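Each remark here refers to the structure printed beneath this line.
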Amino acid sequence: MGKSRYITTTLPYVNADPHIGFALEAVQADVLARVWRAAGDEVFFSMGTDEHGQKIFEAAQKEGKEPKEYVDLYACKFQKLKEALDLTNNAFIRTTDPKHSEAVQEMWNRCAAKGDIYKKAYTGLYCVGCESFKTEKECVGGKCPLHPNAELKEVSEENYFFKFSRYEKQLLDYLEKEDSVTPEWRRAEAITFVKGGLEDFSISREAARLSWGIPVPGDDSQVMYVWFDALTNYISTLGWPSSAKATEGKPDLFEKFWVHGKTLQVAGKDQLRFQSLMWQAMLMSAGIKNTDQVFYHGFITSGGQKMSKSLGNVINPLELVEKYGTDAVRYLLLRHVSPTEDSDLTLEAIHDHYTAHLTNGLGNLVARVMKLAEVHLDVSVIAEYRGLPDAVVKYMNGFKFNEAIELIWHRTQILDHYIAETKPFELVKKYPQEGKEVIEELVVRLHTIAKELEVFMPQTSQKILDAIRANKKPENLFPRI
């Protein structure tokens with residue numbers, strides 16, 4: 001009997017087209033979900049979009065659209081990633097969904113009942129890019145380090161606050177668990193942040209200044225802070241809190257996957273404070289089990305610089321898929337991007353990787369082997385497969401996607417060497433039986449490679465397996481571009 005596992009990406013803001021950094025996160029989560037399912041586990045994989053807040057309100061105004069019309073347009077673009085990247089998510093949650101709004105208000109009520117919400121006047125520096133207030137110790141040269149080109153706005157208003165400072169000890173206890181945060185140095189960062197002292201944070205905005213949000217229960221003059229709203233998606237996507245009532249004979253997804261399952265959140269490195277501290281404190285306040293583990297990936301830069309429209313170095317994953325294909329993009333993100341460190345990608349490097357490793361590499365190998373099989377074997381070779389090698393599984397359990405796929409790619413190189421040594425094209429002419437045995441061995445090894453690639457490059461895997469079953473050379477897997 002397999003385990004119940006829950007995995008989720010963060011919710012990207014819908015104020016711009018999907019970018020390559022989020023595509024990395026989505027593909028990483030998808031591969032993990034596929035690996036677990038292949039091992040017999042039952043997996044709930046969630047994605048979605050964050051659709052409230054100041055950034056979105058201002059972006060909608062600039063385009064002359066109502067906020068709901070604006071977010072509907074962009075949410076559709078993010079939903080296209082499912083097909084474009086061949087993602088297997090079970091759910092796609094939008095923070096404008098009515099059921100999500102109900103869950104956020106229930107989260108608020110539970111935290112308020114615990115005595116963790118209070119109202120006070122406040123003046124602080126606000127970063128619209130982060131949708132959060134910045135303390136002096138977080139600023140660099142009076143600027144937000146993540147948005148140095150944007151001016152911080154001094155905002156004075158009366159808001160509701162969450163008693164974050166109340167949870168210092170509980171958060172340190174939570175972070176003591178070695179697998180609560182991966183990689184290890186991010187866990188150390190989180191611990192250092194908590195030990196530096198936690199300040200209560202604002203969880204509402206005046207509706208007169210920002211109406212685009214979920215109303216505070218019992219106070220229509222305030223709307224909820226976008227992070228308090230968005231973070232709750234991790235349980236609202238499972239039907240919480242109504243799922244706990246187990247109505248109409250429907251399965252209680254929250255109990256199964258969150259309470260009794262193993263939970264994993266995948267996020268970018270800039271999310272540490274939100275995912276592993278603020279969200280965990282909210283869960284503690286509401287009396288809900290904490291996330292078992294959060295995995296943080298690095299950023300993708302281009303040409304040594306952060307991607308931006310003004311620099312013209314933004315890489316759009318949907319455009320990449322259109323040019324190179326789904327599995328080529330999955331391969332690129334899994335093998336040529338570090339799972340945890342920042343990585344640099346340019347359109348030139350992407351093209352070089354595609355040509356060298358896919359067109360001239362795997363694609364050429366499959367064509368050579370299957371051409372031999374088609375010409376010289378009378379029947380297809382049925383090979384036995386015993387599952388992913390322990391080494392690949394070990395790498396995946398450690399979130400080392402690049403090393404896992406590198407191990408499989410090493411098999412293709414060994415197969416190439418075997419062809420060079422045995423020269424089956426010549427051997428089968430001189431010694432037909434011996435030549436056929438070598439070709440059969442090539443097909444068996446190719447079958448293993450195809451099966452091992454199934455969780456990483458599912459469409460390519462299927463094409464190779466189909467070709468083996470049909471005993472025919474397939475069309476070019478990765479056409480020359």
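All values reported here derive from a predicted model rather than from experimental measurement.
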Tell me, do Phe92 and Thr49 make a side-chain contact under 4.5 Å, heavy atoms counted? yes
Take Ser276 and Arg186, measure what side-chain hydrogen bond (donor to acceptor under 3.5 Å, both in side chains) needs, and give me the verdict at the end. CA-CA 10 Å; Ser276 289; Arg186 298 288 177 219; over 6 Å; no
Here the pair of heavy atoms bringing Glu51 nearest to Thr95 is N-OG1, 2.7 Å
Check the surroundings of atom CD in Glu184: do more than 12 heavy atoms from other residues, nucleotides or ligands lie under 6.0 Å from it? yes
Determine whether a donor-acceptor pair (N or O, by modelled atom type, separation under 3.5 Å) exists between the side chain of Glu199 and the backbone of Ser165. no
Taking the side chain as everything from C-beta on, heavy atoms only, tell me whether Lys306 gets closer than 4.5 Å to Pro148. no
Grab the two heavy atoms, one from Met224 and one from Pro215, that are nearest each other, plus how far apart they are. CE-O, 3.5 Å
Do the side-chain N and O atoms of Ser285 and Asp116 include a donor-acceptor pair separated by under 3.5 angstrom? yes
For Ser202 and Tyr225 the tightest heavy-atom approach is O-CD2, 3.2 Å
Ignoring hydrogens and geometry, is there a side-chain-to-backbone donor-acceptor pair from Tyr70 to Phe57 under 3.5 Å? no
Assign the ring pair Phe201 / Phe164 to parallel, tilted or perpendicular, where the plane angle (0 to 90°) is split at 30° and 60°. perpendicular
Quick check: are there more than 12 heavy atoms from other residues, nucleotides or ligands sitting under 6.0 Å from NZ of Lys120? yes
Between Tyr13 and Val226, is a side chain to side chain contact (heavy atoms under 4.5 Å, CB included) present by the stated rule, with each step listed? CA-CA 10 Å; Tyr13 274 121; Val226 65; 3.4 Å; yes
Residues in salt bridge (Lys or Arg N to Asp or Glu O under 4.0 Å) with Lys119, at least two apart? Asp219
Glu106/Arg110 salt bridge by N-O under 4.0 Å criterion: yes
Do Met457 and Leu358 have side chains that get closer than 4.5 Å, going by heavy atoms? yes
Gln222 side chain vs Glu158 backbone, donor-acceptor pair below 3.5 Å: yes
Residue of the set Leu253, Thr291, Asp252, Asp292 for which side chain to side chain contact (heavy atoms under 4.5 Å, CB included) holds with Trp258: Thr291
Would a distance-only check, ignoring hydrogens and angles, find a side-chain to backbone donor-acceptor pair under 3.5 Å from Ser46 to Thr8? no
Evaluate the criterion salt bridge (Lys or Arg N to Asp or Glu O under 4.0 Å) for residue pair Lys269 and Glu189; output intermediate values, then yes/no. CA-CA 11 Å; Lys269 67 176 187 179; Glu189 278 180 28; over 6 Å; no
Any residue meeting side-chain contact (heavy atoms from CB on, under 4.5 Å) with Gln170, in chain and number order, not counting sequence neighbours: Tyr167, Met284
Does the side chain of Tyr174 come within less than 4.5 Å of Leu283's, by heavy atoms? no
When you look at Ile300 and His19, which way does the side chain to side chain contact (heavy atoms under 4.5 Å, CB included) test go after all the steps? CA-CA 10 Å; Ile300 296 179; His19 62 81; over 6 Å; no
Can you sort out the partners of His353 under ring pair (Phe, Tyr, Trp, His ring centres under 6.0 Å), two or more places apart, ordered by chain and number? His336, His357
So, do Gln271 and Val294 sit near enough that their side-chain heavy atoms are less than 4.5 Å apart? no
Which residues satisfy the ring pair (Phe, Tyr, Trp, His ring centres under 6.0 Å) test with His260, sequence neighbours excluded? none
Show the numbers, then the answer: is there a side-chain hydrogen bond (donor to acceptor under 3.5 Å, both in side chains) between Tyr234 and Thr263? CA-CA 10 Å; Tyr234 299 128; Thr263 56; over 6 Å; no
Within the 3.5 Å criterion, strictly below it, is a donor on Arg37 or Thr88 matched to an acceptor on the partner's side chain? yes
Under-4.0 Å salt bridge between Asp41 and Lys262: no
For Phe45, does its backbone N or O pair with a side-chain atom of Asn90 as donor and acceptor, under 3.5 Å? yes
With sequence neighbours excluded, what pairs up with Phe228 under the ring pair (Phe, Tyr, Trp, His ring centres under 6.0 Å) test? Trp108
Validation row: Leu81, Phe22 side chains within 4.5 angstrom (heavy atoms): yes
Greater than 12 external heavy atoms within 6.0 Å of Lys143's NZ: yes
Check this for me: Glu322, atom CD, are more than 12 non-hydrogen atoms of other residues, nucleotides or ligands nearer than 6.0 Å? no
Write down the atom of Thr123, the atom of Glu154, and the distance for their closest heavy-atom approach. CG2-CG, 3.8 Å
So, do Leu172 and Ile191 sit near enough that their side-chain heavy atoms are less than 4.5 Å apart? yes
Kindly indicate, with the supporting measurements, whether the criterion side-chain hydrogen bond (donor to acceptor under 3.5 Å, both in side chains) is fulfilled by Thr326 and Asp86. CA-CA 7 Å; Thr326 295; Asp86 199 5; over 6 Å; no
Closest non-hydrogen atom pair between Ser343 and Ser338, with its separation: OG-N, 2.8 Å
With a 6.0 Å cut-off (strictly less than), is the heavy-atom count around NZ of Lys114, excluding the residue itself, greater than 12? yes
Taken in chain and number order and not counting sequence neighbours, the residues that satisfy ring pair (Phe, Tyr, Trp, His ring centres under 6.0 Å) with Trp409 are Tyr331
Run the side chain to side chain contact (heavy atoms under 4.5 Å, CB included) test on Trp212 and Thr96 for me, step by step, so that the C-alpha distance in whole Å, both residues' side-chain angles and the decisive distance to 0.1 Å come before the verdict. CA-CA 10 Å; Trp212 184 238; Thr96 51; 3.9 Å; yes
Between Asp200 and Arg166, does any NZ, NE, NH1 or NH2 come within less than 4.0 Å of an OD or OE carboxylate oxygen? no
Mark yes when over 12 heavy atoms from residues, nucleotides or ligands other than Lys177 sit less than 6.0 Å from its NZ; otherwise mark no. yes
Taking all non-hydrogen atoms of both residues, which atom of Val321 and which atom of Leu85 are closest, and how far apart? CG2-CD2, 3.9 Å
Is a side-chain N or O of Asp72 found less than 3.5 angstrom from the main chain of Glu69, in a donor-acceptor match? no
Given side chain to side chain contact (heavy atoms under 4.5 Å, CB included), test Val392 with Phe456 step by step and report yes or no. CA-CA 11 Å; Val392 172; Phe456 303 98; 4.3 Å; yes
Could you verify whether a donor N or O on one side chain and an acceptor N or O on the other, from Gln459 and Asp327, lie under 3.5 Å apart? no
Is it true that a side-chain atom of Thr192 and a backbone atom of Ala188 form a donor plus acceptor pair closer than 3.5 Å? yes
Judged by atom type as modelled, is there a donor-acceptor pair below 3.5 Å linking the side chain of Arg5 to the main-chain atoms of Ala33? no
Side-chain (Asn290) to main-chain (Gln280) donor-acceptor, under 3.5 angstrom: yes
Any chance you could lay out the side-chain hydrogen bond (donor to acceptor under 3.5 Å, both in side chains) test for Glu25 and Thr10, step after step, and finish with the verdict? CA-CA 8 Å; Glu25 187 173 307; Thr10 52; 2.6 Å; yes
Check whether any side-chain N or O of His100 sits under 3.5 Å from a backbone N or O of Thr232 as a donor-acceptor pair, and report yes or no. no
Can you confirm whether Glu63 is buried at CD, in the sense that more than 12 heavy atoms of other residues, nucleotides or ligands lie under 6.0 Å from that atom? yes
